[in-house]
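Since the structure comes first, as structure tokens, the remarks are kept for the end.
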There are 2 protein chains.
Amino acid sequence: MASHGFWSFGTENGGNNSSQSPSTPRAWCQAAQKFTGGLGSKLCALLSVGEGEKTTDSTTKQQGATLETCECSKPCNCSKTNVDFSVLYSTDLLPATDGDLATITFLQEIVDILLAYIVKTFDRSTKVIDFHYPNELLQTNNWELSDEPETLDDILLNCRATLKYAIKTGHPRYFNQLSTGLDMVGLAADWLTSTANTNMFTYEIAPVFVLLEYVTLKKMREIIGWPEGNGDGIFSPGGAISNMYAMLVARFKMFPEVKEKGMSAVPRLVAFTSEHSHFSIKKGAAALGIGTDSVILIKVDERGKMIPSDLERRIVEAKQKGFVPFFVSATAGTTVYGAFDPLIAIADICRKHKVWMHVDGAWGGSLLMSRKHRWKLNGVERANSVTWNPHKMMSVPLQCSALLVREEGLMQRCNQMHACYLFQQDKHYDLSYDTGDKALQCGRHVDIFKLWLMWRAKGTVGFEAQIDKCLELSEYLYNKIKNRDGYEMVFDGKPQHTNVCFWYLPPGLRYVEDKEERMRRLHKVAPVIKARMMEYGTTMVSYQPQGEKVNFFRMVISNPAATFDDIDFLIEEIERLGQDL
Amino acid sequence: MASHGFWSFGTENGGNNSSQSPSTPRAWCQAAQKFTGGLGSKLCALLSVGEGEKTTDSTTKQQGATLETCECSKPCNCSKTNVDFSVLYSTDLLPATDGDLATITFLQEIVDILLAYIVKTFDRSTKVIDFHYPNELLQTNNWELSDEPETLDDILLNCRATLKYAIKTGHPRYFNQLSTGLDMVGLAADWLTSTANTNMFTYEIAPVFVLLEYVTLKKMREIIGWPEGNGDGIFSPGGAISNMYAMLVARFKMFPEVKEKGMSAVPRLVAFTSEHSHFSIKKGAAALGIGTDSVILIKVDERGKMIPSDLERRIVEAKQKGFVPFFVSATAGTTVYGAFDPLIAIADICRKHKVWMHVDGAWGGSLLMSRKHRWKLNGVERANSVTWNPHKMMSVPLQCSALLVREEGLMQRCNQMHACYLFQQDKHYDLSYDTGDKALQCGRHVDIFKLWLMWRAKGTVGFEAQIDKCLELSEYLYNKIKNRDGYEMVFDGKPQHTNVCFWYLPPGLRYVEDKEERMRRLHKVAPVIKARMMEYGTTMVSYQPQGEKVNFFRMVISNPAATFDDIDFLIEEIERLGQDL
């Protein structure tokens, strides 16, 4: 093992070849003075022997770093670092001179708080949420910002309070969102990312992360099925922005002059996506100056899949009106039903009409990692661009969303502005690694390391296993409730993704004959059960209406911590909380 | 004081009271295992005893996680957690049954690696960067992704390798970007944020963070000077996106129909910003379908400040052509010169011509925290929107950028799409806290906690002190070089922000009479010195050309760890590395 090399030893053998250790921290500290390079001081600092004590004549310390005998019940003679944070402030931490001890101890305290939280997260006997209404929460704690600093002790208290009221999104019974779970390697990687605290715009300041993004995007493109993984891509701050990027690049591909001249120089553009697609397509169209009226919503079948014949009909219709179809966004894994649009049929239509084909696989893209389930995305390799959010089905910590683009160089041409203070052309390294100018952002957070490190730790097979497991759980849920008293499925058939959509009818509602009254009352069931779930803090699952359909539960599973028992628990809990309704 | 708690002692009292010290670092490390709270690991880390060495005998372990008697040579009888990561995989961590021990030990190993990195970051005897060219770096390590998993030991190695080649952006001699520094409370907060791993879109899943965003944005608006802190705002993924939001909201305010109908329904819009403004204004205009040709660049004076009379002239001219001026972006702290546009004069013009006034204070907005320097932004309270990036001058870890908007509700109306699966109207709490629909993003990373916790820890006065200190350092640099042999300032006068722009002329270039040759040679000086800085790894500072001006150094200081000595060092280093050019 190579020495880390920043601290070196002076005299290696000071005439003492005993391997016995000193018995008190102070003795350790004194003995440590033989080391050069400030190491002695660092050891003393770690041992909580303050500056005053290091000299033989110790004076009373006024600062927070003091030494105490361990107070455990057994006579152990051991010492532990004991820093009194009630007299320390952030200014006592690094870069303060001799701030090492306070810093290490403070960060260790934080880590201890976090480790305790992590262990609790996976403990089914703890609540998913300790719910308080906004006004209540505002009053329970003082969250205000003031002119004067707080002590580090107060800061630790703030951290504890924040976690007390946090939702345990990694809890095995938290099913509320598409992004759930807390992956330990992903978390470790995110802590490292925070510590490295850099920015993706140039190789100069993020050499490793830029390379890892390159390696990972290539791998993702290979998995999509683009030849040799060629193409382009970027990690963006979420699926909505990834979808917006796709629309932006598609528009630029067809009308590059739009970059300089704006939408007034181009004909009326229209985009197509299914009526069950994610709202970010409309949001993107509004932002890009295309307008939501120019997003044509294509009909879906009873399972929520886009109907290709309706797509073609609407494209032809738009052309007849003189509009220019430029973008079709097929969804691979819709938000509510988890439906996969028929990509091959859509690809045929896009080719025929020369329209950019985007696949919004924010939710379903990860099924490409599964040999068992990737057929659901057959045809994705014919897309021009794909959104794929590892922070959803792959449990990578938020945020981690990729946009993959088949044509290389397009993003760069679409977005570059050649800022000369950042992308100097006379740098001493290969400038193709300065990828910042293809982004809409200037500074860009490092989202890649979590995904890369998790991938190394799990391998593709590890991601596959956890995805397959979640799908198995959802099938278990489906099988369990499809014929169960009091349940009605929102659509028939085995779920394609982990979305299971269903109504729960409390006993009192099951035999109400008046259809209107039944619907009116059923509409209120899910919100009440959900509110009770949050008040009890036992589990969380989402609900919503859709079109004519009154409020139903949308169960999703993306957390590999969940088990069959947790699914059983959910069902029992819904029945327990809803039986009186 | 609470115990650190995760490592405990078995039987104590080894009956050893020798005060002699071990003779080798390894013996020290072994002896140090008697300390609790991970202190032993930290001592070993400080002593550069590698992981392989710390466990003396790993051959007999079958399982990774075992509890062993400490094998140090002294009979201290304490036990320590000893986990052999070379036989463990990510699947052995939580949520694995009995995964607690492996998880805590693994995360603690990560933290020890990070703590060592943090201590080194502030140690001036370590390199800012261990530079390698892209191809070299690709070859030194295997960064590829494969099908099969790696052991946790390999994962720890990956983390060490990643940090080995990382830029120490918190190093007191790293001056390369506007975002520098590593704040310990900010870092702690970011670790907590990663652990909480949630999403800003609803109160339901981020109750505390949503409230903290509310509290903090209000405070920021108060500091801007808007009555009672009223208004709106959001934390976005960086200044470029914040500026794009401003442009989007300004357009919507003037022509709300653009949301549905797109740019084809509105007249030709034009925006104005100075020729020294940030490229994100043009990038935003390109994305929003306005077009870069519709961004009119206003002349600046010799200090880089927008000339108001030119702004007014160009607005009138645009109106005469039938265009509609809708947006003026004044810059408070330009990227290269650090110039502050004259906001009061610009506000007068905007009011007169009824144009939205945006202030891009991504870099300079933080000066509002300083009683000494906030006059430079006088007039900001008249703006309709302000970008302010705490991740720059306030040293909050990346990413942390706020857009503040004076008119409440506008962002919501501009961006909302009413997704019924997320923003259900029949929830049981006050829906005004579900702020997600005003964002362009759907999922949104929690960027607020770092800023909020740092603010609590420092108080406003703490931010003020560190900002004032950075400005003092830049004034010191300016005074030091303004009359020094071999230096020429790019513009005259004391810097307004921490930007100090200068040329360094190596001795051989100082008396070259031919102006053209001089310029040609001078243009090459900064890139060569910069390349050498990176190869030596001693410091990093940016350079660029601007307009007619050949490459010059742009020094910026945003890291409160920097001192007068570091400024002296930078100058000496430039001279050392550049004297032969």
Side-chain angles (χ1 to χ4, degrees), chain A residues 1 3-4 18-23 27 31 74 76 80 90 93-95 110 114 122 145 147-149 165-166 184-185 188 190 194-196 208 219 237-238 240 259-263 279 286 289-291 293 397 399 417 419-421 426 428 441-443 445 455 457 459-460 527 531 544 561, chain B residues 12 17-21 27 31 36 48 50 52 73 90 93-95 110 114 122 145 147-149 165-166 184-185 188 190 194-197 208 219 237-238 240 259-263 279 286 289-291 293 397 399 417 419-421 426 428 441-443 445 455 457 459-460 527 531 544 561:
Chain A
M1 201 73 197
S3 158
H4 290 75
S18 163
S19 62
Q20 293 181 309
S21 61
S23 61
K74 292 177 186 166
C76 66
K80 74 181 196 67
S90 64
L93 302 176
L94 284 171
I110 293 284
L114 300 181
F122 294 101
L145 297 168
D147 289 348
E148 298 305 318
Y165 302 110
M184 291 302 117
V185 173
D190 217 17
S194 303
T195 310
V208 179
K219 184 82 178 175
K259 183 176 178 181
E260 286 85 26
K261 311 231 165 288
M263 289 292 286
F279 67 81
I290 293 162
D293 287 353
Q399 59 192 36
M417 294 290 156
C420 61
Y421 74 94
D426 46 11
H428 61 125
Q441 299 171 265
C442 172
H445 188 259
W455 207 321
T460 310
Q544 67 286 299
Chain B
E12 282 99 5
N17 54 12
S18 163
S19 65
Q20 289 180 304
S21 62
T36 56
S48 304
S73 50
S90 64
L93 303 175
L94 284 172
I110 293 285
L114 300 181
F122 294 101
L145 298 168
D147 289 349
E148 299 304 318
Y165 302 110
M184 292 302 116
V185 174
D190 217 17
S194 303
T195 310
N197 191 31
V208 179
K219 184 81 179 177
K259 182 177 179 180
E260 288 84 26
K261 310 233 167 284
M263 289 293 285
F279 67 83
I290 293 163
D293 287 353
Q399 59 192 38
M417 294 289 156
C420 62
Y421 74 94
D426 46 10
H428 61 127
Q441 298 171 266
C442 171
H445 187 258
W455 206 321
T460 310
Q544 68 284 299

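A, B, ... follow the sequence lines: proteins, then strands. Residue 1 opens every chain.
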When only pairs under 4.5 Å are counted, which of [options] shares the most heavy-atom pairs with chain A?
options	value
B/Leu114, B/Leu93, B/Ile110	B/Leu114
B/Ala196, B/Cys420, B/Ala419, B/Pro397	B/Cys420
B/His428, B/Glu148, B/Met417	B/His428
B/Gly238, B/Pro527, B/Ala166	B/Pro527
B/Lys261, B/Glu260, B/Gln399	B/Glu260
B/Ala561, B/Ser90, B/Ala286, B/Ala457	B/Ala457

Checklist entry - Given that the side chain runs from C-beta out, which part of B/Ile290 has a heavy atom under 4.5 Å from chain A: side chain, backbone, both or neither? => result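 Just the backbone, heavy atoms under 4.5 Å.
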
Checklist entry - Considering only heavy atoms, which portion of B/Lys219 lies under 4.5 Å from any heavy atom of chain A: side chain, backbone, both, or neither? => result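 Interface part for B/Lys219: side chain.
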
Checklist entry - Among A/Leu94, A/Val208, A/Asp147, A/Val185, which residue forms the greatest number of heavy-atom pairs with chain B at distances under 4.5 Å? => result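 The candidate making the most pairs under 4.5 Å is A/Asp147.
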
Checklist entry - Just how far is it from atom OG1 of A/Thr195 to atom CG of B/Asp190, taken to the nearest 0.5 Å? => result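 Result: 8.5 Å between the selected atoms.
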
Item to check | Interface moiety of A/Phe122 toward chain B, non-hydrogen atoms closer than 4.5 Å | outcome: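 Only the side chain of A/Phe122 comes within 4.5 Å of chain B.
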
